Amino acid sequence: MTPPSDSTRPAGPSTPPSPEADPPPPPATVRALPGHVGGEVALSGWVQALRVHARVAFVMLRDGTGTVQCVAVRSQLSEEDWALATTLGQEACVEISGSVRADARAPGGHELALSGLRLIGPSEDFPIQRKEHGVEFLLDHRHLWLRSGIQRAGLRIRAEVEQAIHDFFYERDFVRIDTPILTGAIGESAGTLFETDYFGDPAFLAQTGQLYVESACPAFRKVYCFGPTFRAEKSKTRRHLTEFWMIEPEVAFADSDDNMDLQEALICHLVARVLERCPTELDLLKRDRAVLEKVRPPFPRISYGEAVERLNAGGRDFEWGRDLGAVEETTISSWYDRPVFVYNYPKEAKAFYMKENPDDPRTVLCNDLLAPEGYGEIVGGSQREDDLDRLQARIREEKLPEEAYGWYLDLRRYGTFPHSGFGLGLERTVGWIAGRPHIRELIPYPRLINRLTP
RNA sequence: UCCCGCGUAGCUCAGCUGGUAGAGCAGACGGCUGUUAACCGUCGGGUCGCAGGUUCGAGUCCUGCCGCGGGAGCCA
């Protein structure tokens with residue numbers, strides 16, 4: 001950042017006599033301010049709020065590392081600086097120099113006694129006021145909404161979770177595999193795919209990287225992908241995005257129980273990391289940290305059959321064989337104070353690639369992980385069908401185009417092996433950890449059924 | 001696709017059993033040494049989503065359409 005070249009500050013006693021201005025104060029960040037108490041610094045950032053009185057004005061300056069109150073006292077400023085400071089628009093970009101001091105009256109405990117400022121980029125009539133707005137208005141101004149406190153906190157937690165995911169897998173010798181986003185006709189059900197043109201042929205945006213990470217297992221044993229996922233489902237709920245980010249690990253020689261162990265370890269790692277590194281953000285979001293502290297192993301594990309029995313014992317009339325709906329999931333998660341695994345669902349309710357349960361062929365070896373507090377399913381996983389004949393039979397049962405799965409079936413022809421994996425929805429997970437009601441806030445630019453801009 | 005709800009000032013909303021449009025915030029101006037979404041005063045600001053209907057008269061009642069929100073299904 002360019003230091004001010006036209007400082008109007010009066011010369012200090014330690015400054016050698018010079019007709020020119022003082023040497024510019026060293027640039028600093030708000031986060032580093034406590035280390036500069038008593039010294040002069042220059043901060044660059046955006047005006048978050050301005051409160052003007054007759055002889056004193058307060059500029060809340062946000063620089064991306066934090067927010068600090070800058071105090072402008074009229075009697076200590078030039079007319080030009082006072083006039084500039086008291087007419088700054090919300091979100092104007094400025095460089096402010098002054099001395100750092102600790103003051104109990106200031107939010108955050110530190111403030112800057114303003115001695116000079118320079119307008120970098122003016123801002124007039126910033127659309128988002130410091131008050132409540134409707135969702136539509138805020139999403140229309142998402143590019144500006146990102147600057148607000150709750151959005152910054154949520155997105156910072158998202159970034160921390162993303163980094164924690166990479167660290168978790170790196171420490172466990174997983175190899176990251178980036179799977180394709182453009183795919184030919186392959187997937188679980190073509191109705192939920194976004195179609196696009198690929199040199200005259202139809203192509204689809206990926207709705208899962210799973211088949212690809214399965215193929216990388218024999219190469220690296222433990223792999224994961226982390227990327228955008230596209231679902232053309234016409235869902236309009238607070239749990240849905242048409243474009244979201246998913247993490248899909250795949251582990252050779254892991255069975256369904258190993259798979260749940262890994263999910264449990266990952267979730268605990270993510271929650272602990274956010275508790276450790278984002279306490280400020282959690283407090284700003286008014287997230288009850290005590291609830292998150294409870295997220296420790298082991299998570300309860302309840303089979304689909306047990307869940308149905310218990311639901312019906314509680315007065316519900318739920319038929320065995322149906323998939324659990326949102327109401328059932330909320331009920332089940334309400335029985336516990338931490339995430340709960342529901343495992344081994346009926347075959348008809350789940351995807352073709354899941355391995356048949358040898359102890360009960362009506363079911364498959366799979367699990368969902370339901371987050372507490374009604375946040376719903378954040379993970380879906382399974383042991384994969386590794387038997388060629390059974391897999392082919394399942395593809396035919398589901399009336400899927402067998403020819404599209406030729407390369408996938410090759411994995412069962414050349415050294416097939418037991419393996420398991422899962423998909424973790426990033427925004428749902430972050431939404432739950434951050435305690436936000438709608439996952440659209442946990443992705444910088446949400447893509448919803450009726451929203452593609454900004 | 002279906003169910004429920006909502007569209008009034010730049011923003012957030014009020015407006016009763018129909019009788020010619022209101023507040024707060026934002027903006028402009030003025031006041032105030034310490035504010036925390038500052039406060040006090042003054043001023044400007046409207047195709048009541050669109051179209052049709054009922055009525056002497058519609059923001060208000062009816063129909064259709066559009067937009068938005070929530071939910072179901074489906075999913076992470």
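Computed over heavy atoms, backbone and side chain alike; hydrogens, waters and symmetry mates excluded. Numbered from 1 within each chain, the chains take letters A, B, ... in sequence-line order. What you are looking at is a predicted structure, and each value in this text was computed from that prediction instead of being measured.
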- Message: Between Arg394(A) and Glu398(A), does any side-chain N to carboxylate O distance fall below 4.0 Å?
- Response: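 Yes, this pair counts.
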Close N/O contacts between protein and nucleotides 27-29 of chain B (under 3.5 Å):
none

Using a heavy-atom cut-off of 4.0 Å across all strands, would you classify [X] as base, sugar-phosphate, or nothing?
X         : result
His133(A) : sugar-phosphate
Val379(A) : sugar-phosphate
Leu424(A) : nothing
Leu241(A) : base
Gln90(A)  : nothing
Glu427(A) : nothing

- Message: In terms of relative ring orientation, are Phe194(A) and Phe230(A) parallel, tilted or perpendicular, with 30° and 60° separating the classes?
- Response: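 Judged by the thresholds at 30° and 60°, the geometry between Phe194(A) and Phe230(A) is perpendicular.
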- Comparing Asp103(A) with Thr242(A), nearest RNA chain B nucleotide closer to 5' gives the residue Asp103(A)
- Measure from CZ on Phe244(A) to C1' on C74(B) and round the result to the nearest Å.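 After rounding, the gap between these two atoms is 12 Å.
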- Give the rounded distance in Å between these two atoms: CZ of Phe137(A) and P of U12(B).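 That distance rounds to 6 Å.
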- Task: State, without any angle test, whether Thr280(A) and Arg156(A) hold a side-chain donor-acceptor pair at a distance under 3.5 Å.
- Result: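 There is no such pair between these side chains.
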- Exercise: do Gln69(A) and Asp103(A) side chains pair donor with acceptor under 3.5 Å: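 Note: Gln69(A) and Asp103(A) side chains miss the donor-acceptor criterion.
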- Is the cationic atom of Arg301(A) (NZ for Lys, CZ for Arg) positioned less than 6.0 Å from the six-membered ring centroid of Phe341(A) and within 45 degrees of its normal? yes
- Cationic tip of Arg172(A) above Phe168(A) ring, under 6.0 Å, 45° of axis: yes
- Task: Indicate for each nucleotide in nucleotides 65-73 of chain B, in 5' to 3' sequence, whether protein heavy atoms under 4.0 Å reach the base (B), only the sugar-phosphate (S), or nothing (-).
- Result: --SSBSBBB
- Picking from A76(B), C32(B), G34(B), which would you name as closest to the side chain of Glu111(A)? G34(B)
- Query: Of the candidate nucleotides A76(B), U35(B), C32(B), which contains the atom at the shortest distance from the side chain of Phe58(A)?
  - Reply: U35(B)
- Decide yes or no, distance alone: a donor-acceptor N/O pair under 3.5 angstrom between the base of U35(B) and the side-chain of Arg51(A).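 Indeed, a donor on one side and an acceptor on the other fall under 3.5 Å apart.
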- So what's the dot-bracket for RNA chain B: Watson-Crick or G-U pairs under 3.5 Å, [ ] if a pair crosses, | if it pairs off-strand? (((((((..((((.....[..)))).(((((.......))))).....(((((..]....))))))))))))....
